[in-house]
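Okay, structure first, notes after.
Atoms considered below: every heavy atom in the structure, side chains included; atoms not considered: hydrogens, waters and symmetry mates.
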Amino acid sequence: MTEQTPASAPTSAPTPDAPSATAPVVGPLTVREISADEAVDTLLELGGSFLQTPAWGRAKQGWRRTHLGWFDAGGARVGAGLVLSRTIPRLSRSYAYLPEGPGLPWDVVAGDPSRWLDPLVAWAKGRKAFALRLGYPVVSRVWDREPVKKQVVDNGLLSFKDLPASVDNPTARTLEAWLDRNGWLPLGADGVAVGQPRLLCIVDLRGRTEAELLKGMNQQWRRNVKKAEKAGVQVRAVGPEGLDTFHDLYVESAQRDNFLPRPKAYFDAMARAFDSEGAGTSGREPRVSARFYEAHVDGDVLASALMIRFGRTFSYLYGGSTERNRDARASNALQWQAMRDAAAAGCDAYDFRGFNTSLGATSPLTGLLLFKLGAGADVVEMVGERELVISRFWHFAFARAMAARIAINKRRKATRASADSADV
């Protein structure tokens, strides 16, 4: 495995006019609202997630979005975060959520978390939030792909607790101990997050040539890349106009693998939110962008995937493929081209995003995990999502409402006819 910096995911390069991540932080910290552009500047400087960008906030319809900045006593902006808030109907109480955020210098934060998080909690209380949820974007552990693959193939993957990690980050241990002592409750069980995934599959691109990336793949992956080339598979990147084709293939995959697909409107909102990021830039490349990658043979699209690039991370979010012409290995060709594009753009990481645990040999999702590992990805565990309950009464009411919503979604999945996507 290529050596990986354990304290955080691969970070982006410094941006001109953005605050310096290495500058000393002076005195007490305050939190206040900032503009969307200021937030992006800081996130790029500190290597923040695309889930903290204005585009992601626009994509999450039904949530109110607020961009916050952390400022030291000298007035320097030293952090930024996107707060998504959902209000209980007809009441002023709200649930506040920072997915994979905020963007902070986490090595510094771990030394004195209260200094950094208490101003955020005070801000949330001032807005009558009954709970605050953060997706702490700090790498906790890393597992090499080979032992993970062996565990999956031999016994199924039920837990990572007994699987030795190649990286165990002391910064994460310090932060987790503080969170446990101060009432920040973990969400989800061993690796299972209820929001954003805690376990990610990431290919480290840093300093690696295309030949080295290919060598990092398993033999089956390299063979499939060659098959795709011989079959004449071509890969292109398109904008929102690729939505219909993408969603058709995504729904076909959902029916084949028995999962409930998201509606087309969800992806339409996401594609347009990220596409609008580039509007009015006079030809300048947008700092965050979403594209549909399509793998086709003579115009017949066999696989499609939604990709997002922010800073030095290139992320694969959703994908779908057809049973037609499976021997062309279009999905392999698509991912390989996206990986090459990410490397050529100077990205540090190709993020396959998360996966479910408790994978048995018969689970369709086991194949998806092996697909990602075969591409050269290692498993990276984040500190993940934690929740601070501010008002137990309103949190209980909200939790009951969310439980009812989850039950409805489960019933929908159980009653969905596999050959009929009309209810999607």
Side-chain angles (χ1 to χ4, degrees), residues 8-9 11-12 15 17-21 23 25-60 62-87 92-110 112-138 175 179 182 184 195-196 273 277 287-288 310-311 383-391:
S8 62
T11 57
S12 59
T15 303
D17 301 324
S20 172
V25 179
V26 181
L29 299 171
T30 57
V31 168
R32 62 176 183 267
E33 292 189 27
I34 58 175
S35 70
D37 284 341
E38 288 173 324
V40 172
D41 286 343
T42 306
L43 292 167
L44 286 170
E45 171 67 16
L46 297 174
S49 169
F50 72 88
L51 294 164
Q52 287 287 288
T53 64
W56 186 256
R58 290 194 297 270
K60 303 307 290 182
W63 292 79
R64 185 174 70 252
R65 58 186 185 273
T66 305
H67 298 286
L68 295 180
W70 273 250
F71 294 84
D72 70 7
R77 194 171 68 250
V78 293
L82 168 66
V83 182
L84 299 176
S85 302
R86 179 164 281 175
T87 304
S92 59
R93 304 286 179 172
S94 64
Y95 186 85
Y97 178 33
L98 287 81
E100 288 190 4
L104 300 174
W106 286 101
D107 276 343
V108 179
V109 174
D112 188 1
S114 296
R115 181 187 181 198
W116 295 81
L117 297 180
D118 286 357
L120 175 63
V121 174
W123 179 90
K125 289 180 178 179
R127 272 69 181 175
K128 296 186 178 180
F130 59 83
L132 180 61
R133 175 170 156 190
L134 270 65
Y136 291 90
V138 179
L175 178 61
L179 293 170
N182 287 274
W184 288 86
Q196 296 304 319
E277 192 74 19
R287 294 187 289 177
V288 56
F310 179 58
V383 169
E385 303 210 325
R386 296 274 188 138
E387 184 180 74
L388 181 68
V389 177
I390 298 173
S391 169

Distance-minimising heavy-atom pair for [X] and [Y]:
| X | Y | value |
| --- | --- | --- |
| Leu82 | Thr53 | CD2-O, 3.5 Å |
| Ala55 | Ala273 | O-CB, 3.4 Å |
| Gly79 | Thr42 | C-CG2, 3.6 Å |
| Pro137 | Pro102 | CG-O, 3.7 Å |

Between the side chain of [X] and the main-chain N/O of [Y], is any donor-acceptor distance below 3.5 Å?
| X | Y | result |
| --- | --- | --- |
| Glu387 | Leu132 | no |
| Arg77 | Gly69 | no |
| Arg93 | Phe130 | no |
| Glu38 | Ser35 | yes |

So do [Y] and [X] actually touch side chain to side chain, heavy atoms under 4.5 Å?
| X | Y | value |
| --- | --- | --- |
| Arg287 | Asp41 | yes |
| Trp184 | Leu134 | yes |
| Leu43 | Phe50 | no |

Atom pair [atom1]/[atom2] of [X] and [Y] - distance to nearest 0.5 Å:
| X | Y | atom1 | atom2 | answer |
| --- | --- | --- | --- | --- |
| Leu46 | Gln52 | CG | CD | 11.5 Å |
| Tyr136 | Leu104 | OH | CG | 9.5 Å |
| Thr87 | Arg64 | OG1 | CZ | 4.5 Å |
| Glu33 | His67 | CD | NE2 | 9.5 Å |
| Arg65 | Leu84 | CZ | CG | 9.0 Å |
| Trp70 | Thr30 | CH2 | OG1 | 10.5 Å |

Going by the salt bridge (Lys or Arg N to Asp or Glu O under 4.0 Å) test, which pairs reach into residues 94-104, not counting sequence neighbours?
->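 As it turns out, the salt bridge (Lys or Arg N to Asp or Glu O under 4.0 Å) pairs with a partner in residues 94-104, which skip direct neighbours, are Glu100-Arg353.
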Within 45° of the axis and under 6.0 Å from the centre of the six-membered ring of Phe71, does NZ or CZ of Arg32 qualify?
->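 Judged by the rule (NZ or CZ under 6.0 Å from the ring centre, within 45° of its axis), Arg32 counts as positioned above Phe71.
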Report yes or no: is the cationic atom of Arg133 (NZ for Lys, CZ for Arg) closer than 6.0 Å to the six-membered ring centre of Tyr97, at no more than 45° off its axis?
-> yes
Which atom pairs, donor and acceptor, lie under 3.5 Å between side-chain atoms of residues 112-122 and protein residues at least two apart or in another chain?
| from | atom 1 | to | atom 2 | distance (Å) |
| --- | --- | --- | --- | --- |
| Ser114 | OG | Trp178 | NE1 | 3.3 |
| Arg115 | NE | Gly27 | O | 3.3 |
| Arg115 | NH2 | Val25 | O | 3.1 |
| Arg115 | NH2 | Gly27 | O | 2.6 |

